[in-house]
**Student:** 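After the structure tokens below, expect a handful of questions from me.
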Amino acid sequence: MTIPAMMRAAVITAPGGPEVFAIEQRAVPVPGPAEVLVRVRASAINRADILQRMGRYPAPAGVPADIPGLEFAGEVMACGADTRDWKPGDRVCGLVGGGAHAEYLVTDAQAVARVPDGLSWEVAGASPETYITAYDAMVLQAGLTAGETVLVHAVGSGVGLAAVQLATALGCTVYGTARGAPKLDAARGAGMRAGCQPGNEGWITDAVMDWTSGRGVNVVVDLVGGDYTAGSLGAMAAKGRLMLIGALAGSKATVDLRTILGKRLTIRGTVLRSRALDERVAVTTAFALQVLPLLASGRLIPRIDASFPLEEIGAAHARVESNATIGKVALSIA
Ligand SMILES: NC(=O)c1ccc[n+]([C@@H]2O[C@H](COP(=O)([O-])OP(=O)(O)OC[C@H]3O[C@@H](n4cnc5c(N)ncnc54)[C@H](OP(=O)(O)O)[C@@H]3O)[C@@H](O)[C@H]2O)c1
């Protein structure tokens, strides 16, 4: 396989809006002994990319500071001397701390998963972040089991729909909230039993208690935070677990601590991007074993809201920031 010296990359030229992107030539990275070089075919936009572009979420150490992109699918082009599992031409996907919005990236050979035959580049490149986030939060951290109930906020989002599909596939009953009827419809299509839009004070607790005949939910997948948090606590069953994954509605909340005490609730925050390598390997392995087979069989079907070529990454960012998306905004890298 011929590896060029230079590649095209989407570069954040200055903190700002979607217009700050430029497609620039950068040197193709060289894999270290434990790494593989991947020719990226597909990726997707995540909210962290947008915060990074705005200058509000600097890239972690060890990844390009000005090339965003947290997930990828592509072909192995070269393998470091100490790697054993991969060979050039293998189709792989995974998570990185940044740098996926370019034609090539290097990543640890243990932190990639094999893309099943028949899975498109688009789906493989737009799945790792949402499904790993949802699986890790609900199953690996909150211990969700079959028969339990789950409440997902921003249920029409990329992570939200992945959570609905995974929890449904696990045998759980899923409820959700969103600010528009089309998102609730999409979530119902993905397996959600009931959902609602924001309403009067107490709307989250009231709706969930109505749906669950007063029992409350076992797990909350909270992508919204802010003033949703108090309602979520009121909507939880005894020993419920709230997984705080995002804070789209704000990072401050006023809650009644007696609710947490009385119901013996667990509130746990989680973040993927800054995790150490061993933790990234562990979640990627779980994704490969537990989620990719369901994607390959069609049991899980990620919803792609729109797809843009690398050259139109600014438009892809604007699409996500519109809050009108249902599911993922994919990026193709020809
Ligand atoms: N912790 C982690 O490791 C991790 C990993 C992935 C994502 N995340 C976070 O999870 C969140 C969702 O990510 P995503 O990729 O699924 O997002 P997404 O697909 O871009 O969807 C986000 C949706 O959230 C809703 N929303 C936005 N602002 C809101 C507000 N003020 N109040 C209520 N709803 C609001 C909007 O839908 P509605 O029309 O329904 O309001 C919007 O479409 C983001 O905050 C992201 O940073 C965290």
Side-chain angles (χ1 to χ4, degrees), residues 1 36-46 49 69-79 83 85-96 99-136 138-140 157-170 186 189-191 272 280-310 316 320 325-334:
M1 289 179 146
V36 287
L37 173 70
V38 177
R39 168 63 169 96
V40 183
R41 297 292 175 184
S43 182
I45 312 298
N46 287 288
D49 301 328
L70 300 178
E71 56 191 329
F72 68 92
E75 296 139 339
V76 173
M77 298 293 289
C79 302
T83 66
D85 298 333
W86 307 107
K87 62 180 187 316
D90 283 345
R91 283 160 41 92
V92 295
C93 64
L95 296 176
V96 285
H101 295 164
E103 288 179 309
Y104 292 85
L105 59 78
V106 290
T107 187
D108 192 278
Q110 294 182 77
V112 297
R114 190 175 299 282
V115 175
D117 292 342
L119 207 62
S120 70
W121 285 132
E122 183 178 73
V123 168
S127 294
E129 180 77 11
T130 51
Y131 286 100
I132 289 176
T133 298
Y135 187 83
D136 174 71
M138 293 191 301
V139 179
L140 301 181
S157 68
V159 177
L161 287 174
V164 172
Q165 292 180 4
L166 279 170
T168 303
L170 277 166
L272 274 185
R280 195 150 49 86
V281 170
V283 291
T284 305
T285 303
F287 174 65
L289 293 174
Q290 306 296 336
V291 181
L292 274 172
L294 299 178
L295 287 164
S297 69
R299 178 73 181 80
L300 302 177
I301 302 176
R303 174 141 178 174
I304 307 291
D305 174 87
S307 189
F308 293 84
L310 181 68
V320 172
T325 54
I326 302 179
K328 292 289 291 189
V329 171
L331 204 62
S332 64
I333 305 177

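Side chains are part of it too, since the values below use all heavy atoms of this structure and drop only hydrogens, waters and symmetry mates.
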**Student:** Test your reading of the model: is there a side-chain donor-acceptor pair from H101 to the backbone of L70, 3.5 Å cut-off?
**Tutor:** no
**Student:** Check whether any side-chain N or O of R91 sits under 3.5 Å from a backbone N or O of L119 as a donor-acceptor pair, and report yes or no.
**Tutor:** yes
**Student:** Would you call E129 and L95 a side-chain contact if the rule is heavy atoms closer than 4.5 Å?
**Tutor:** yes
**Student:** Please check: side-chain N/O of D49 versus main-chain N/O of G69, any donor-acceptor pairing under 3.5 Å?
**Tutor:**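 Yes, D49 side chain to G69 backbone: donor-acceptor pair under 3.5 Å.
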**Student:** Taking the side chain as C-beta and beyond, is there a heavy-atom pair between F287 and Y131 under 4.5 Å?
**Tutor:** yes
**Student:** With heavy-atom distances below 4.5 Å as the criterion, would you say the side chains of D85 and V112 are in contact?
**Tutor:**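 No; the side chains remain at least 4.5 Å from each other.
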**Student:** For A288 and P293, work out which heavy atoms get closest and say how close.
**Tutor:** O-CD, 3.2 Å
**Student:** For R280, give me all partners under salt bridge (Lys or Arg N to Asp or Glu O under 4.0 Å), at least two apart in sequence or on another chain.
**Tutor:**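 Salt bridge (Lys or Arg N to Asp or Glu O under 4.0 Å) list for R280, sorted by chain: empty.
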**Student:** Donor-acceptor pair, Q165 side chain versus I301 backbone, under 3.5 Å?
**Tutor:**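 Confirmed, Q165 side chain pairs with I301 backbone.
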**Student:** Side-chain contact test, heavy atoms from C-beta onward, threshold under 4.5 Å: evaluate it for P302 versus T130 and give yes or no.
**Tutor:** no
**Student:** Answer whether the closest heavy-atom distance between the side chains of V36 and V92 falls below 4.5 Å.
**Tutor:** no
**Student:** Verify, without hydrogens or angle tests, whether W86 (side chain) and C79 (backbone) share a donor-acceptor contact under 3.5 angstrom.
**Tutor:**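 A pair under 3.5 Å: no.
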**Student:** Around E103, counting heavy atoms of other residues, nucleotides and ligands shown, do more than 12 lie under 6.0 Å from its CD?
**Tutor:**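 Above 12, so yes.
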**Student:** Do I333 and R39 touch side chain to side chain, with heavy atoms closer than 4.5 Å?
**Tutor:** yes
**Student:** So, do I45 and F308 sit near enough that their side-chain heavy atoms are less than 4.5 Å apart?
**Tutor:**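 Heavy-atom side-chain distance check fails, nothing below 4.5 Å.
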**Student:** Return the set of residues passing salt bridge (Lys or Arg N to Asp or Glu O under 4.0 Å) with E71 (not counting sequence neighbours), or none when no residue passes.
**Tutor:**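 In terms of salt bridge (Lys or Arg N to Asp or Glu O under 4.0 Å), with neighbours along the sequence ignored, E71 is linked to K328.
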**Student:** Should C93 and L292 count as side-chain neighbours, where that means a heavy-atom distance under 4.5 Å?
**Tutor:**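 In contact.
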